[in-house]
Every structure is written in C-alpha cells, then in structure tokens.
2 protein chains.
Amino acid sequence: MKFESQPSYSLGQRTPASREVAAGENGGNVTLVSQSALGAINRGRVLQALYDNGPKSRADLARLAGVNRTTITGIVQPMIEDQLLVEGDASPSDVKGGKPARPLYFNPDAPMLGAVLLLPGTIQACLVALTGEIKAVTKAEFDPVGDTKAFIAVMTKTLTATLSEAQQAPFGIGVASAGMIDSDNGTILTVNLAPVLTGLPLVAILQKRFSLPVVIDHHPRALLVGDRWFGPGRGQQNFAAVYTGEVLGGAFFIDGKVYRGLAGSGGELGHSVVQIDGALCNCGKHGCWETVAALPWLRKEAARMGLPHPKSITCARLVKEADEGSNAADELLDRYTRNVAFGIVNLQQTLCLNSYVLHGDVAGGGMRAAELIRQHVEQLVVKRPGQEISITVNGVGEGHTALRGAAGLVLSSHLKLVI
Amino acid sequence: MKFESQPSYSLGQRTPASREVAAGENGGNVTLVSQSALGAINRGRVLQALYDNGPKSRADLARLAGVNRTTITGIVQPMIEDQLLVEGDASPSDVKGGKPARPLYFNPDAPMLGAVLLLPGTIQACLVALTGEIKAVTKAEFDPVGDTKAFIAVMTKTLTATLSEAQQAPFGIGVASAGMIDSDNGTILTVNLAPVLTGLPLVAILQKRFSLPVVIDHHPRALLVGDRWFGPGRGQQNFAAVYTGEVLGGAFFIDGKVYRGLAGSGGELGHSVVQIDGALCNCGKHGCWETVAALPWLRKEAARMGLPHPKSITCARLVKEADEGSNAADELLDRYTRNVAFGIVNLQQTLCLNSYVLHGDVAGGGMRAAELIRQHVEQLVVKRPGQEISITVNGVGEGHTALRGAAGLVLSSHLKLVI
DNA sequence: ATAAGTTTGTGCGAGGTACAAACTAACTGC
DNA sequence: GCAGTTAGTTTGTACCTCGCACAAACTTAT
C-alpha cells in the first residue's frame with residue numbers, strides 16, 4: 001500500500017505552521033505568531049467551529065467567529081476545491097427573505113482517519129470519517145505477556161486489514177492505549193495488565209510501516225477527544241472525561257485545548273489520595289482514589305454485603321438490582337457513587353471545570369448513577385454562587401468514543417490549533 | 001447534498017441541569033486571530049521574553065523567538081520611542097568578533113504599576129517598577145467586621161498616598177485579595193475572616209475613583225504571577241504556587257498561561273478531600289486538605305504533643321527546634337510536611353506540573369521544609385521515568401511576591417498576553 | 001406580475017504584518 | 001590592513017484580514 005502526500009494547507013505535516021511550532025518547542029520558550037502560521041491557525045479554527053456546531057454556512061461561520069464573510073470565503077474555498085469540505089443544498093432560511101445559505105460540512109468522501117484502540121489483550125482498529133462515521137472495524141487479540149514481535153505482527157496485520165478498505169490514503173493513524181503513555185515521544189511506558197507493551201515505541205514502528213503520521217495517547221485522553229468531537233463535550237471549552245473500571249483515569253479539556261502535561265502525562269487521577277494511610281493500592285501506596293472507586297473495591301464490598309454474584313458486579317447491575325428493590329444494592333450504589341464523587345470533587349476544587357463526562361463502569365449505570373454522583377458532588381464541593389455542575393455519561397458504543405477520540409487526536413495534532 | 005441539522009452520532013444524554021451546555025453551543029467561542037491582533041500578540045510575547053530572560057539584544061530575541069531580526073526591530077523600535085524600553089550599553093560580546101549587541105530592557109523611568117495586597121484587617125499598597133522594584137509602600141489597617149464605607153475610605157486613602165508618589169500615571173492598579181474572588185466581574189465574593197468585604201465590587205469602585213485600569217485576583221494567583229514575573233517561576237511554562245497558612249490555596253501556570261477557571265475560580269485546593277469522612281473542616285465538609293495541613297492542625301498537634309507555646313507554632317519555629325535537637329519537633333515537622341505533601345501529590349497526579357513554589361507558613365521553614373516535602377512527594381507519587389519534581393520556597397519579603405504579582409496581573413491584562 | 005427589501009457570497013483595493021535579501025556598522029584576529 | 005563575523009537597518013515582497021461595492025437568490029408587499 002502506497003500513499004500520496006497530503007494537501008498542503010492544513011492536514012499535511014510540512015506546513016509552515018508545524019515548522020513554526022516545532023521550532024518553538026525546540027528553541028526558546030517564546031514563539032511569535034508568524035503570518036503563514038496565522039492562516040493555518042484560522043483554517044484550523046474554522047474547521048473546529050464546523051465540528052463543534054455542525055454544518056454551517058459561510059455567513060454563519062463569519063458571525064460565529066466575528067470576522068468578515070470574505071475572510072471565511074477565503075479560508076473555505078481552497079478546502080472545497082480540495083474536496084475536504086462540501087457545500088450542501090441551500091437550506092430553507094429560518095429568517096424571512098434573503099438568499100438562502102449554503103451549509104458547509106466535511107466531505108463524507110474525504111480521506112478518513114485510522115484509529116486504533118489498544119487494551120490489554122485486544123486490538124481494535126477502524127476508519128473514522130471526518131463526519132464521525134466508523135467503518136471497517138477489525139478486531140484481534142494478542143497475548144498480554146507474550147512476545148513483542150508477535151504483538152507487532154498482530155498489530156500490523158489488523159491495521160493493514162482496516163486501512164486497505166480506505167478509498168484514499170488516510171490523514172493519519174491515532175492510537176488510544178491503556179496504561180502510561182509518553183505521547184511526546186510516542187512510546188508506551190507501562191501497561192500493568194499487558195507487559196508485552198512495556199517500552200514499545202509504537203509510533204515509530206507504525207510510522208515506518210505505514211508511512212503515515214501516527215499519534216498515540218492514553219485511553220482517557222482519547223475518550224476526552226471523542227467526547228469533544230462527537231459526544232457530550234462537543235463545543236465545550238472546559239470539561240473533563242473520567243473513566244472508571246478496573247482502574248481510574250481522567251483527562252481534561254481546558255480553555256478549548258486538550259490538557260497534555262509534560263511528556264503527555266497528567267490525568268493519572270486513580271492514584272491521587274483521598275484517604276491518607278488508607279487501603280493498600282496496586283501501585284504500592286495507600287488510600288488512592290482507585291482503592292475506593294474502582295471495580296475491585298465494588299466486588300469486595302458486594303461480597304462483604306452478601307450481594308449475589310459479587311465477582312461479576314457492575315454499576316449497571318447494581319442500578320438494576322436497586323431499581324428492583326434491593327436495599328443492599330441501593331446502599332452500595334450510594335456508597336460507590338459517593339466514592340466516585342470524591343475524585344470529581346477534588347478535580348472540581350482544583351480546576352473548576354464544572355462539567356464531567358463519565359465513561360466505563362459507572363457510565364454503565366446510566367442517568368441514575370450520573371445523577372447520584374452529581375448529588376454527592378454538589379454536597380461535597382464548596383459551591384460558588386451561580387455555579388452549576390453537570391455530570392454526563394457517554395458509555396455506549398463498545399469503545400466507539402475511544403476510537404473516534406483516537407481519530408480526533410490525529411486531526412487535532414495536524415490542525416495545530418495551538419498558537 | 002443534504003445535511004442533518006444535528007449529527008446523528010452524538011451519543012450520551014445530558015443531565016437535566018445543563019443550561020450552560022446549551023449556552024456554550026450557542027455562544028460560539030470561536031475566534032479567529034486577526035492581522036491587527038497579531039501585532040499586539042507578538043509585542044506582548046517579546047516583552048514576556050524580556051521579562052523571562054532579562055536584558056537581551058534584538059538578535060538574541062530573534063533567535064529566542066525563532067523569527068527574523070527585522071521583525072524584532074519593528075516590534076521593539078516603537079517601544080523604545082515610547083520610552084518603555086531602553087537600549088543598554090554595548091556589552092562585550094561573548095562570542096568573538098562581530099558588532100557588539102545592545103541589550104534592551106525596561107526603562108526604570110517608565111510608568112509604574114499600582115499594587116494592593118488585601119488581607120483580613122490589613123491593606124498594603126505600593127508601586128512596582130517594570131523591573132520589579134518596589135517603592136512607596138503604604139500600610140493601613142481596617143476593621144474586618146466594620147462598615148463598608150469606612151473600609152473604602154481607608155482603601156482610597158492608602159492607595160492615594162501611594163499613587164501620589166508616582167512620577168507619571170501608572171499603567172493600572174492590581175489588587176490581590178484573600179478569599180473567594182470573581183476576577184471576571186471584579187468583585188470580592190466572600191472573605192471568611194473579613195465579612196466587610198463580602199460582595200464588594202472593588203474593581204468598579206477603584207476604577208471610578210482613580211480612572212485607571214484595575215484588575216483583581218485572589219491571593220494565591222497573585223503569588224503565582226509574582227513567582228512567574230520575578231521569582232522562581234520566571235521563564236517556566238508549567239508550575240504551581242501553593243500557599244499554606246491559616247488556609248490553603250494554590251494557583252497554576254499551565255502551558256505558559258495563568259490558569260483562571262470559570263469566573264476566575266479554580267485552585268481552591270484547601271477543600272479538596274484527602275481523608276474521606278475525616279475531621280470536620282471550617283467549610284462544613286470532612287477531611288479537607290486544610291484540616292491536616294494548615295496552621296490550626298499544627299497548633300492542635302503541637303499542643304497534643306506537648307511542644308512549647310503551641311498557640312504560636314509555625315513551620316519556621318518547628319524547623320529551628322528540630323535543628324536544636326527536639327525529637328518531638330522533628331516528628332511533628334515530618335508529619336506536617338507529609339500532610340502538605342499529600343495535596344501536592346494530588347496536584348501532581350492530576351496536572352503533572354513537576355514544579356511547585358511554596359508560600360506562607362511552610363515557606364517559613366525554608367529549604368529544610370521544602371526538601372522534606374519533596375521527599376514525601378517523591379515517595380507518594382507514581383513516578384514516571386526521567387521525571388524530576390522540584391519544590392522551591394519563595395516566602396521572603398513580607399508580601400512582596402504578592403504585590404509584584406498584583407502588579408504583574410495589570411501588566412498581563414495591559415499587554416494582552418492571553419489570546 | 002412587479003418592485004422593494006433582505007441575506008448570501010464574491011471581486012477588488014487598502015492597510016498592516018512578517019520575511020528575505022542586501023546593506024552598513026562595529027568588532028576580532030591574523 | 002584585510003578577511004571574517006555579528007548586529008541592526010533599509011527596501012521590496014508575500015500574505016492575510018477588512019471594508020466596500022455588487023450580483024444572485026429569495027420573500028413580501030402592492
């Protein structure tokens with residue numbers, strides 16, 4: 001499979017914008033905004049506005065961005081010519097009179113994005129259209145404690161199968177992986193439940209194999225980006241994604257940007273402390289949030305309280321049993337959601353994002369669990385006047401959010417929305 | 001081609017109380033960077049580079065920013081003509097040969113900045129030069145539970161005394177205040193220990209009285225800015241300022257910007273939870289960080305352990321007594337610093353800033369306390385390979401950091417460094 | 001049916017910004 | 001004294017956004 005180079009104005013690698021940013025990262029701490037970077041920035045922002053708001057006409061975009069209509073035309077026209085965007089049919093204007101607006105949106109036939117979700121033991125690959133549609137899903141399994149070469153073979157085979165279904169060369173490949181990831185250097189640091197991945201420079205391997213831009217990030221951050229592009233975080237400037245399950249993690253969208261700490265760290269919330277000298281955690285410390293709000297805790301408590309089938313307890317089942325009248329389930333659900341709430345409370349006190357999207361096990365508990373968590377958070381947080389905290393779930397879709405997020409990572413990294 | 005108004009793949013439901021989300025979607029936070037704004041941005045960044053790196057020649061600045069020398073000349077020349085910057089004497093070049101560079105820096109005779117530090121019961125006002133020098137300090141006291149008019153009278157009198165010593169009109173006035181501040185609207189929300197300030201629209205009052213730009217922010221954030229402009233945070237892109245004393249607070253510098261949450265909140269770390277169902281806090285909740293790492297806890301423990309003069313115990317005295325051989329002091333110091341460390345650990349796990357500047361009581365403990373805290377943090381954090389965590393103190397100067405920070409706030413808003 | 005009004009989208013020139021090339025100034029070393 | 005090097009300036013060019021004018025397309029009133 002051989003891929004052509006990409007259009008030069010936005011999604012390619014060698015635009016002045018990316019060179020500018022690279023120079024900034026390399027050299028000093030100061031980066032001036034150059035003329036050519038400006039164009040790339042504004043192009044990126046127009047695209048972002050399209051993602052955030054859905055199909056919009058040039059005039060709408062101009063109003064949204066507070067710029068002249070002609071500016072939007074200038075930005076948008078080359079993209080239409082390159083078939084990245086398409087002009088829709090004139091929609092009946094909601095205002096009376098006037099020339100009807102022609103909405104613009106992403107071309108469904110534009111190049112897609114490769115996306116990979118890497119969890120202990122399983123690989124999922126797919127293609128994501130710019131419109132968010134998921135196609136050509138391929139799944140495979142690998143031995144978490146096996147041989148590195150075997151893993152790479154499975155990975156390339158899976159990805160090749162998926163990418164071969166693309167009509168044109170994808171813009172790039174995004175990988176969402178469990179564990180601790182160094183997204184700056186594109187390597188997997190450690191995955192507790194899959195030692196075979198430890199230290200794997202996956203970005204370099206895939207880049208070499210497929211000759212495409214490759215981006216990797218950790219699972220919660222992919223969920224965040226998935227929420228932001230195509231989920232409840234759409235259009236929001238500040239929110240957090242929180243994942244609960246066997247482990248806990250989170251990621252933040254701050255001031256319109258994905259927060260990515262030094263070397264792509266941050267958001268390792270599972271091991272923040274909510275109980276000094278509390279229960280022993282997998283990490284060797286005591287009283288981590290993970291010791292009271294993850295599935296192992298829930299299983300242990302379910303067993304202690306004599307609930308049926310404690311080994312396979314989930315939030316979803318807890319909600320079901322509580323709805324069916326089990327007092328024990330109701331009580332445990334309350335304690336579970338309260339424990340989850342503590343981590344969100346600490347986030348709220350720290351960053352005050354006001355908006356949280358839940359994934360993983362508690363998301364399986366649906367609206368009921370979300371509302372319980374919201375109530376606990378409200379009780380436990382020092383509220384400011386006029387402040388409203390929103391807790392949403394986005395748990396459906398078998399990893400589709402993470403896959404869309406992985407795709408979104410590629411898009412974000414190539415749009416260079418950062419100034 | 002026809003588009004659906006709302007894309008069909010937006011998964012996830014929203015909790016009933018999420019008016020903010022709808023507002024966010026509608027409001028459209030998209031802003032393009034205009035050509036004219038570009039100049040202002042770059043001017044600001046050049047000035048920031050001067051602050052961060054000290055006097056620098058045009059050529060140095062150009063290298064630092066990765067731009068053409070002519071660009072720097074174009075930016076800098078008007079500022080020299082405006083007497084904001086001055087050209088220094090040709091310094092002996094460190095490289096051999098070539099025309100010697102003329103370093104640029106802030107004109108000591110340029111307009112200064114007004115700064116006010118507002119703590120329960122006391123007002124401190126001063127002038128801050130662009131070089132960081134502090135002049136014309138005026139102090140006054142007010143009744144924390146008294147009359148609002150009386151407070152305003154004291155405030156205007158103090159500020160008038162200070163401002164009258166300025167040769168030229170200052171660029172503006174920056175206020176750093178204890179308590180909960182709405183920096184967006186320029187009002188003091190609540191100050192627990194000074195009810196007279198509750199709900200005071202201080203920015204509006206001072207703006208009207210002095211006809212100058214006025215900025216207000218809460219105390220920890222002023223410390224942060226003070227650290228950033230003139231302290232250990234100089235030139236850093238990511239760090240946190242942490243204040244301990246009667247209360248705990250913090251503020252963050254993230255990716256080269258002061259983090260200012262919605263309505264200027266965030267950083268209210270004192271009431272993050274480190275001990276679920278722990279001791280009762282002033283705020284009415286249980287187990288806040290403030291219950292184990294602030295002065296009230298230290299006094300209580302000192303009394304319990306039989307240390308001398310427990311009512312006036314401070315970290316500084318604890319260090320002194322421990323150095324003099326008191327085992328009890330040594331043990332309490334260890335526990336105190338460990339408790340402080342927990343809050344920093346949670347910050348580190350969340351944001352991974354890697355660099356923390358201590359203020360307030362623990363800063364009084366100097367290097368000894370900082371090193372103890374650092375050791376505890378290192379033990380309690382899940383470390384990533386190659387990661388180093390730095391803990392520094394900046395406790396000297398009787399509020400000078402906060403005053404410089406207050407001045408820095410004006411500068412930031414005046415220079416429009418934030419995009 | 002016709003005219004007036006409204007909104008969308010597009011040329012064109014103006015204004016501003018950064019960049020590249022070429023130039024002068026000043027200093028070092030042989 | 002001359003070559004080499006670095007700093008800062010001048011000049012022309014490319015690029016971007018903005019405001020204005022104008023055609024296109026649709027609604028509404030007469």
*Asks:* Check this for me, if you would: do A/Asp255 and B/Arg260 make a salt bridge, where the nitrogen-to-carboxylate-oxygen distance has to be below 4.0 angstrom?
*Replies:*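 Looking at A/Asp255 and B/Arg260, the cut-off is not met.
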*Asks:* Give a yes/no answer on whether the side chain of B/Arg45 brings an N or O atom under 4.0 Å of OP1 or OP2 in C/dA18.
*Replies:*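 Answer is no, no contact under 4.0 Å.
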*Asks:* Separation of A/Lys56 atom NZ from C/dT8 atom C1', in whole Å?
*Replies:*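 Checked: the NZ to C1' distance equals 15 Å.
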*Asks:* For a 4.5 angstrom cut-off between non-hydrogen side-chain atoms, does A/Pro170 reach A/Leu212?
*Replies:*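 Yes, side chains in contact.
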*Asks:* In this structure, how many angstroms lie between the P atom of C/dA18 and the CZ atom of B/Arg43, rounded?
*Replies:*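 Taking CZ of B/Arg43 and P of C/dA18, I get 8 Å after rounding.
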*Asks:* Tabulate atom names and distances for all N/O pairs under 3.5 angstrom spanning the protein and nucleotides 8-11 of chain D.
*Replies:*
| residue | atom | partner | partner atom | Å |
| --- | --- | --- | --- | --- |
| D/dG8 | OP1 | B/Arg102 | N | 2.8 |
| D/dG8 | OP1 | B/Arg102 | O | 3.4 |
| D/dG8 | OP2 | B/Arg58 | N | 3.3 |
| D/dG8 | OP2 | B/Ala59 | N | 3.0 |
| D/dG8 | N7 | B/Arg69 | NE | 2.9 |
| D/dG8 | N7 | B/Arg69 | NH2 | 2.9 |
| D/dG8 | O6 | B/Arg69 | NH2 | 2.9 |
| D/dT9 | OP2 | B/Arg58 | NE | 3.4 |
| D/dT9 | OP2 | B/Thr73 | OG1 | 3.0 |

*Asks:* Applying side chain to side chain donor-acceptor pair (under 3.5 Å), can you list everything that pairs with A/Asn238, at least two apart in sequence or on another chain?
*Replies:*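 A/Asn238: no side chain to side chain donor-acceptor pair (under 3.5 Å) contacts found.
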*Asks:* Let me know the distance between CD of A/Glu81 and P of C/dG9, rounded to the nearest Å.
*Replies:*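 The distance from CD of A/Glu81 to P of C/dG9 comes to 16 Å, rounded to the nearest Å.
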*Asks:* Is any side-chain N or O of A/Asn42 closer than 4.0 Å to OP1 or OP2 of D/dC16?
*Replies:*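 Indeed not, no polar side-chain atom of A/Asn42 lies that close.
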*Asks:* Starting from C1' on D/dA7, measure out to CD1 on B/Ile72 and report it in whole angstrom.
*Replies:*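 The distance from CD1 of B/Ile72 to C1' of D/dA7 comes to 13 Å, rounded to the nearest Å.
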*Asks:* Restricting to salt bridge (Lys or Arg N to Asp or Glu O under 4.0 Å), what partner residues turn up for B/Glu133, sequence neighbours left out?
*Replies:*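 Partners of B/Glu133 under the salt bridge (Lys or Arg N to Asp or Glu O under 4.0 Å) test: none.
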*Asks:* Run B/Asn107 and B/Leu85 through side-chain contact (heavy atoms from CB on, under 4.5 Å) and show every step you take.
*Replies:* CA-CA 5 Å; B/Asn107 186 350; B/Leu85 301 179; over 6 Å; no
*Asks:* Please report, rounded to the nearest Å, how far the C1' atom of D/dT17 is from the CG atom of A/Leu61.
*Replies:*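 That distance rounds to 16 Å.
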*Asks:* Between B/Arg404 and B/Asp227, does any side-chain N to carboxylate O distance fall below 4.0 Å?
*Replies:*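 Looking at B/Asp227 together with B/Arg404, the answer is no, because their closest N to O distance does not fall below 4.0 Å.
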